[in-house]
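This is a predicted model, so every value here is computed, not measured. Lettering of chains follows the sequences in order, A, B, ..., and the numbering in each one begins at 1.
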Protein chains: 2
Amino acid sequence: MQDCIFCKIVNKEVPADVVYEDGDILAFKDINPQAPFHILLIPKKHIPTFFDMEEGDGQILGKLHEAAVQVARDFGLTESGFRLVSNCRAGAGQVVFHIHYHLLAGRELNWPPG
Amino acid sequence: MQDCIFCKIVNKEVPADVVYEDGDILAFKDINPQAPFHILLIPKKHIPTFFDMEEGDGQILGKLHEAAVQVARDFGLTESGFRLVSNCRAGAGQVVFHIHYHLLAGRELNWPPG
């Protein structure tokens, strides 16, 4: 999508601090980190929100979770763990309309989650 | 797993306010709701944490997301949206060691998410 900042990152038109990449998934550091580790994981396919998922997109989200585990291992979070968060629609805090997961770690994570 | 409360809910040995069920996924109301809508979505398969995912489990998590969309539609959250949160390991707030996603909606959701 021409105007999607995350698609531009996927296409290397906009720089990002990439920490993981495979055929379907990209992960990079959030530019407004809310924790010592704050990584964004996105499908390379432009899916605006969970409500826009099509046949096969669930499988891509499965791969996103496998990538999250890989990123967590790479950052040494195997024991301390991490929180995954995704906002769907502006009312829930979604700012970029390309599905993304926040991986947060490295500090105490409180409850409720926002 | 014999001592897992979520497995007991799957097996109907422990009651829960179930809002969605299919062959792979179960969704029910959280007993300590943190928002007007607070649903837990779990795979029926006992997977303690994301780090314990095996071949094929990613696909189950994809189905979990499709179920989340269905639950959100059923609750009329198509426009207002929702937040999905999953804690991995005790240090991130995981209390029950059977993968689960919190679906939160119906109030302002702040940032950072905990």
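- The CZ atom of B:Arg83 sits 9.5 Å away from atom OG of A:Ser86, with the distance rounded to the nearest 0.5 Å.
- A donor and an acceptor atom, one from each side chain of B:Gln70 and B:Asp74, are located under 3.5 Å apart.
- Heavy-atom pairs under 4.5 Å with chain A were tallied for B:Ala35, B:Pro112, B:Cys88; the largest tally goes to B:Cys88.
- Across B:Asn87, B:Leu61, B:Leu77, B:Ile60, the residue that shares the most heavy-atom pairs under 4.5 angstrom with chain A is B:Asn87.
- The two atoms that bring B:Asn32 and B:His38 nearest to each other are O-ND1, 3.9 Å, heavy atoms only.
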Candidate pair A:Lys63 and A:Asp24, rule salt bridge (Lys or Arg N to Asp or Glu O under 4.0 Å), full reasoning: CA-CA 8 Å; A:Lys63 288 180 182 176; A:Asp24 294 301; 3.0 Å; yes
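- When each of B:Gly93, B:Ala72, B:Gly62 is scored by its heavy-atom pairs under 4.5 Å with chain A, the top score falls to B:Gly62.
- By the 4.5 Å heavy-atom criterion applied to side chains, B:Gln34 and B:Leu104 are counted as neighbours.
- Residue B:Thr49 does not touch chain A at all, counting heavy-atom pairs closer than 4.5 Å.
- Neither the backbone nor the side chain of A:Leu64 has a heavy atom closer than 4.5 Å to any heavy atom of chain B.
- For the options B:Gly91, B:Ala92, B:Ala105, heavy-atom pairs under 4.5 Å to chain A are most numerous at B:Ala92.
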